[in-house]
Amino acid sequence: MKLKQPEEYFISRKIDDFFSGLYNATKFILLFFREALKPPYEFKEIVKQCYEVGYRSLALITLTGFVTGFVFTKQSRPSLAQFGATSWLPSLVAIAIIRALAPLVTALIAAGKVGSNIGAELGSMKVTEQIDAMEVSAVNPFKFLVVSRVLATTITLPILMCYTGFVGMLGAFINVNQNEQTSFTAFFQQAFSNITFLDIFSSVVKAIVFGFTIGIVGCYKGFHATQGTEGVGRAANASVVLSMFLIFMEEMLIVQITNNIRG
Amino acid sequence: MESTTIGEEVITIKDLHKSFGSKHVLRGVDLQVCKGENVVVLGRSGTGKSVLIKIISRLLKPDSGTVKVLGREVDKLNDKELQQLRLKIGFSFQNSALYDSMTVGENLEFPLVRNSKHLKRKEINIAVETVLKAVGLSEAIDQMPAELSGGQRKRIGIARTLILRPEIMLYDEPTAGLDPITCIEINNLINLVKEQYNTTSIIITHDLTCAKATGDRVAMLLDGTFVKQGSFEEVFASDDKRIQDFYNYNFTNK
């Protein structure tokens with residue numbers, strides 16, 4: 001897909017660039033859905049990319065998830081203790097982790113680790129003509145490179161999010177267990193007593209949306225990298241920055257919608 | 001401007017124009033390439049030589065003019081027709097464009113597996129071994145592109161295009177950045193490909209040794225248009241000062 005560039009500026013360069021960028025991004029997303037639904041499907045490549053996404057993020061997600069749960073619990077305790085409500089700690093932590101922290105922490109880490117990697121990898125393939133080489137050998141580079149990566153991030157993020165949630169809760173349990181000697185079963189029973197189906201469903205939806213965003217932004221930036229190695233660095237950087245910005249915007253939007261449903 | 005036509009025309013380009021922003025790169029290019037012919041397009045860097053073959057394979061679209069390949073107007077093909085046509089065109093890139101994350105063997109089978117789904121694993125392996133043997137690099141099958149020398153990368157790049165048995169070969173600066181001995185080896189390989197695979201080729205270069213060794217016909221691209229076509233000797237017997245300068249600089253400043 002070639003980028004459409006305005007040759008004469010209607011308003012100003014920046015405003016015109018913004019709208020032509022929006023147009024190109026929309027076209028890119030529509031092309032993704034067209035190619036994703038059209039056979040043949042690159043199953044092998046999708047599985048390979050799923051493994052790459054999971055493998056690349058797992059260590060950092062384990063550490064961050066655990067620390068988040070542990071520290072959040074530790075920091076919340078003094079405030080709750082003032083009201084003699086430390087017994088509410090498991091519920092409070094579970095709500096915070098499942099509703100907000102797990103999807104957000106997973107997405108931000110994946111944006112940094114996976115998004116930048118996709119941007120750099122595709123950017124490097126673009127500037128070294130590897131994408132052109134696929135095209136001239138009658139292979140659809142969009143299907144092979146973009147569709148497989150976007151599907152991989154979209155599928156893998158909810159799984160990683162569940163894992164982050166679990167590790168985060170484990171971190172919280174260890175802290176609670178150190179102070180209140182609560183058993184594993186009692187902690188988790190209390191933690192999940194206030195969690196509804198909507199909480200879990202909205203988090204999974206968030207993770208799917210975040211995963212799609214990370215994949216599509218990384219691929220878009222990489223696929224349209226220009227100006228040699230400098231362009232590759234720029235594509236990687238822009239993938240992370242734009243993904244994170246969009247993740248925060250989407251988080252606000254989904255929270256608003258979920259709260260309206262919750263009433 | 002002269003043109004030589006022997007037999008059936010495989011590539012026909014008429015009044016081709018291409019600009020990038022305010023830079024008018026191709027200004028009314030005409031070229032006919034006949035079956036079995038090796039045509040060398042010579043010219044200075046930035047004169048639009050690579051743009052020309054990218055338009056032939058529709059990696060780029062022209063601003064105006066027509067390009068016919070094997071009787072089909074390239075610009076008017078739909079996705080499926082373009083894919084069919086591209087199976088008949090081999091494109092050897094200047095930097096080889098090997099897929100960094102794949103081994104040599106995987107690089108070679110990549111286009112074959114995706115375009116011939118009926119092939120069995122054994123047939124794919126035989127095809128890979130055959131093209132590797134043709135380019136003289138049978139032992140490189142398990143190596144990664146980063147482990148290969150410049151000349152080896154070029155050979156593997158050519159092998160990857162040969163695996164689809166193309167009718168037309170487009171070479172973009174095949175000897176750029178190589179030492180003189182490797183250049184001769186690549187020139188010999190281009191001639192070997194023509195003989196063994198019966199290809200018609202366009203070779204983009206600014207290397208006169210390559211042009212002389214591989215070209216049945218030479219076309220000189222200057223200021224966005226072909227100013228002279230003919231045999232190597234005919235072209236450089238021209239009185240045009242720009243052609244003479246190109247010849248002299250190529251040999252004296254090397």
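So that the names make sense, note that chain A is the first sequence line, chain B the second, and so on, each numbered from 1.
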Inspect the surroundings of [atom1] in [X] and state if more than 12 heavy atoms from other residues, nucleotides or ligands are less than 6.0 Å away.
X	atom1	value
A:Lys143	NZ	yes
B:Glu73	CD	yes
A:Phe245	CZ	no
B:Arg165	CZ	no

Interface residues of residues 35-51 of chain A facing chain B - non-hydrogen atoms under 4.5 Å apart: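 Residues of residues 35-51 of chain A touching chain B at under 4.5 Å: A:Pro40, A:Glu42.
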Heavy-atom distance under 4.5 Å to chain A: side chain of B:Leu98, backbone, both or neither?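 It is the backbone, since no side chain atom gets that close.
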With a 4.5 angstrom heavy-atom cut-off, could you sort out which part of B:Lys117 is near chain A: side chain, backbone, both or neither? side chain
Over all atoms of both residues, closest heavy-atom pair of B:Phe93 and A:Val136: CE1-CG2, 3.8 Å
Strictly by side chain to side chain donor-acceptor pair (under 3.5 Å), give each pair with a member in residues 91-100 of chain B just once, sequence neighbours left out.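 The answer is A:Gln130-B:Asp100.
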Result block: side-chain N/O donor-acceptor pairs under 3.5 angstrom for residues 81-89 of chain B, not counting sequence neighbours:
| residue | atom | partner | partner atom | Å |
| --- | --- | --- | --- | --- |
| B:Glu81 | OE1 | B:Asn78 | N | 3.0 |
| B:Glu81 | OE2 | B:Arg72 | NH2 | 3.2 |
| B:Gln83 | NE2 | A:Ala138 | O | 3.1 |
| B:Arg86 | NE | B:Ser57 | O | 3.1 |
| B:Arg86 | NH1 | A:Glu135 | O | 3.4 |
| B:Arg86 | NH2 | B:Ser57 | O | 3.1 |
| B:Arg86 | NH2 | B:Arg58 | O | 3.1 |

List the steps and the verdict of side chain to side chain contact (heavy atoms under 4.5 Å, CB included) for A:Glu129 and B:Lys54. CA-CA 11 Å; A:Glu129 294 180 310; B:Lys54 283 186 176 172; 2.9 Å; yes
Within this structure, what is the CD1-CG distance for the pair A:Ile131 and B:Leu59, rounded to the nearest 0.5 Å?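 That separation rounds to 11.5 Å.
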Can you tell me how far apart CG (B:Asn115) and OG (A:Ser137) are? Round to the nearest 0.5 Å.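 Output value for this atom pair is 7.0 Å.
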Report the residues that fulfil salt bridge (Lys or Arg N to Asp or Glu O under 4.0 Å) with B:Glu185, sequence neighbours left out, ordered by chain and then residue number. B:Arg155
